[in-house]
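Each remark here refers to the structure printed beneath this line.
Throughout, a chain's letter reflects where its sequence line sits, starting with A, and its residues are numbered from 1.
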Number of protein chains: 2
Amino acid sequence: MKPTLQDVANAVGVSRSTVSNAYSRPDQLSAALRAKILDAARRLGYPGPDPTARSLRRGFVGAIGVLFTSELSYAFTDPFAVRFLAGVSQVAEQHSTSLLLVPLPHDRERARAAVDNAAVDGFCVYCVGDEEHVLGAIRDRGLPLVTTAPATAGPADRFVGIDERAAARSVAAHVAGLGHRRVALLGDTVLPDAPPGPLRLAAPGDAPRPTTHGRLSGFADAFAAVGVPWPAITVVNAAGNSRAAAAAAIAPVLAGDDPPTAVLACSDVLALGVLDAAGPRSGLSVSGFDDVAEAADAGLTTVRQPAEEKGRLSAALLLEPPADPADGHVLLPTDLVVRTSTGPVPRS
Amino acid sequence: MKPTLQDVANAVGVSRSTVSNAYSRPDQLSAALRAKILDAARRLGYPGPDPTARSLRRGFVGAIGVLFTSELSYAFTDPFAVRFLAGVSQVAEQHSTSLLLVPLPHDRERARAAVDNAAVDGFCVYCVGDEEHVLGAIRDRGLPLVTTAPATAGPADRFVGIDERAAARSVAAHVAGLGHRRVALLGDTVLPDAPPGPLRLAAPGDAPRPTTHGRLSGFADAFAAVGVPWPAITVVNAAGNSRAAAAAAIAPVLAGDDPPTAVLACSDVLALGVLDAAGPRSGLSVSGFDDVAEAADAGLTTVRQPAEEKGRLSAALLLEPPADPADGHVLLPTDLVVRTSTGPVPRS
DNA sequence: ATTCAGTGCTGTATCGATTCAGAAGCTACC
DNA sequence: GGTAGCTTCTGAATCGATACAGCACTGAAT
């Protein structure tokens with residue numbers, strides 16, 4: 001087998017501790033002896049202190065876990081998630097801390113096992129869908145935790161996010177202000193296992209995903225304010241957060257009789273899919289959410305939330321815990337970005 | 001302190017082994033006893049077997065390291081890298097294996113330390129620039145290794161990539177076939193620390209980065225074949241793989257007298273930057289490399305290489321080592337994709 | 001000559017689990 | 001009744017390092 005620290009110690013004729021010091025605390029021994037030890041180590045083919053053993057003894061790992069409550073590839077597929085990760089990685093890099101991306105099986109038991117097996121000093125959870133059991137598993141391990149979904153943040157958890165409802169209200173108010181009254185709201189997996197297309201949702205709050213919940217509620221608020229009651233609004237479900245899924249979901253609605261004059265989507269990606277389906281110059285007003293890079297190119301009206309900043313803060317909250325726990329909950333600002341994809345109701 | 005497995009064992013009055021079995025090998029004890037143990041564990045607040053200790057004892061970790069030989073945020077900034085990661089994550093997910101993204105300090109000594117400290121079962125190295133010392137550190141640890149840069153792959157290493165030179169030759173031949181003779185080649189960090197803008201490069205092979213090296217060589221091949229010698233070609237250096245850096249680097253060249261009629265970039269991102277700088281309908285022919293999503297929208301002529309497949313194969317080579325070591329080196333196919341960004345030389 | 005501080009190194013305890021050979025108890029069958 | 005064969009559980013050894021108290025020695029100050 002591979003030589004261990006002990007073998008090197010034997011070869012040189014010193015104690016294990018000294019060899020350990022040669023690697024980790026060079027100031028604790030003479031330069032000459034250190035050179036001799038490193039030399040012997042090289043000769044023996046000693047690969048250096050084992051990181052696992054070192055972590056065990058030291059009591060910390062030097063890595064934080066990043067969890068996406070969905071397929072791991074979501075993290076690299078969704079443009080907003082990618083920028084979030086970019087932010088996380090910047091701060092991690094400053095702290096010489098690694099990022100452990102843990103794939104989360106759908107099966108609850110296996111998901112818990114995945115959390116339990118992750119060798120990390122804390123978790124950063126990017127909330128996509130239903131994550132309560134994941135958060136529970138993390139809390140059970142007693143590890144520090146930062147989430148991006150407000151409703152789910154426990155008292156000891158740190159949190160960074162936006163006021164989803166108010167942000168959604170701001171775009172919706174803009175659209176309502178343009179005169180739209182026949183509107184559709186488009187979300188990803190509004191209800192679990194719901195088929196793509198229009199959906200019956202008794203109240204916006206019935207959507208289990210916290211972000212969807214918040215955004216639909218905000219949309220509803222703004223339309224209620226101009227006299228459009230919830231039941232008069234069409235809710236459309238997309239089977240996934242992708243342009244294709246959005247286009248497929250919205251197509252029947254646009255083709256139906258009495259189609260909406262505006263579609264408010266819960267994400268830019270979905271909104272872009274609506275534009276794909278509607279075609280340019282259709283007169284349909286479309287709004288998105290997040291303000292990803294593609295939104296600007298497409299002239300999409302949307303709500304900007306600071307993606308990288310969200311990631312940076314998440315990591316910072318984990319790696320530089322605030323002295324005052326009250327500072328552990330951060331609400332980021334959002335901005336309504338009006339572009340060309342929304343306009344007045346066509347006369348026709 | 002937190003209770004350990006031993007504490008649970010004491011509480012229930014069984015041996016440590018039995019508690020361990022309750023967690024990891026449920027078939028080794030009666031259901032009744034197992035329930036009793038898990039119950040006691042819950043009561044005591046035992047967080048479950050410590051992943052670090054478990055890894056130490058078991059001898060493996062259940063994670064693979066992913067290294068970018070540049071800032072970690074590059075991984076999330078460059079669209080090609082993102083898709084590569086998406087591929088890696090898909091296969092990792094199938095194997096219930098986590099991904100450890102390790103930030104690599106520029107300082108060589110600290111970079112080695114970062115590699116040495118990573119608790120992983122193997123490494124996947126996405127080669128951006130100079131990585132020889134990083135690969136050396138990994139080999140010294142005796143861990144399996146997959147790289148994406150051919151020149152640097154040691155005999156025992158696995159490798160997945162493309163024939164950079166032949167791929168580059170194919171776009172360049174296309175551009176040459178359109179009649180272009182006054183051309184510029186644009187690369188990111190062609191020489192370390194070189195300023196942005198035109199550059200003196202004695203031979204394509206003098207570029208230290210292996211991919212740049214390969215691509216410039218391929219470009220040179222194709223132009224040599226139509227009688228344009230290397231010294232007649234302008235090589236331009238961009239300070240970073242971004243649109244902005246590319247635009248800044250190419251601007252003086254386009255503004256100079258005797259500007260090129262075509263620019264061949266070493267990546268799509270750079271090519272898009274050239275288009276930004278040149279403006280639409282400039283008559284300038286521009287080609288890219290990789291075929292990222294944005295390339296299609298911009299009508300960019302480019303060489304497609306299968307990004308996700310590259311990632312998937314990298315991970316697969318690590319997680320399902322081929323029986324025959326000869327299968328450890330994979331060369332992926334590339335395709336010339338001709339779009340509207342290249343055309344005949346304008347008369348003027 | 002004696003104390004003191006400082007350097008350089010050693011030994012032992014410890015981190016928290018897994019592994020595996022084997023003991024104990026229990027059923028079953030000839 | 002004895003032995004074989006299970007299932008269930010135990011104990012000791014082990015994984016590979018780090019932390020810390022303490023010992024021996026050196027050189028300077030008292």
ring-ring contact (aromatic ring centres under 6.0 Å, His included) between A/Y46 and A/Y23, intermediate numbers included
CA-CA 12 Å; A/Y46 174 63; A/Y23 280 94; 5.7 Å; yes
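Proximity of a side-chain donor or acceptor of A/H329 to a complementary backbone N or O of A/D157 within less than 3.5 Å is detected. Although no hydrogens or angles enter the test, the distance criterion places no donor-acceptor pair under 3.5 Å between the side chain of B/E93 and the main chain of A/P103. Although no hydrogens or angles enter the test, the distance criterion places no donor-acceptor pair under 3.5 Å between the side chain of B/R312 and the main chain of B/V88. A donor-acceptor contact shorter than 3.5 Å is absent between the side chain of B/R54 and the backbone of A/N117.
Under a 4.0 Å N-O distance rule, the pair A/E109/A/R112 does not qualify as a salt bridge. Ion pairing between a basic and an acidic side chain is recognised when a charged N comes within 4.0 Å of a carboxylate O; B/R139 and B/E132 show such pairing. Between A/D39 and A/R42 there is a salt bridge, since a side-chain N of the basic residue sits under 4.0 Å from a carboxylate O of the acidic one. Comment: B/D188 engages B/R209 in a salt bridge, judged by a side-chain N to carboxylate O separation of less than 4.0 angstrom.
Counting only N and O atoms by type, the side chains of B/T18 and B/S15 include a donor and acceptor under 3.5 Å apart. For the residue pair A/S20 / A/R25, no side-chain donor-acceptor distance below 3.5 Å is found, with atom types taken as modelled.
Going from atom CG of B/D116 over to atom C1' of D/dA17 covers 14 Å, rounded to whole Å. Put simply, CG on B/L33 is 4 Å from P on D/dC9, counting in whole angstrom units. A straight line from CG of B/D7 to P of C/dT14 spans 14 Å, rounded to a whole angstrom. Rounded to whole Å, the distance from CD on B/Q6 to P on D/dT14 is 18 Å. Rounded to a whole Å, the CG atom of A/N117 is 17 Å from the P atom of C/dG16. For the pair B/L5 CG and C/dC15 C1', the computed distance is 13 Å after rounding to whole Å. Atom CD in B/Q28 sits about 15 Å away from atom P in D/dC6, given to the nearest Å. Per the geometry, CG belonging to A/N10 stands 12 Å off P belonging to C/dT10, to the nearest Å.
Within a heavy-atom distance below 4.0 Å of DNA chain C, the residues of residues 14-25 of chain A found are A/V14, A/S15, A/R16, A/S17, A/T18. A heavy atom lying under 4.0 Å from DNA chain C marks the following residues of residues 36-60 of chain A, by number: A/L56, A/R57.
The C1' atoms of five pairs define one axis at each end of the helix from C/dA1-D/dT30 to C/dC30-D/dG1, and these two axes lie 50° apart (to 10°).
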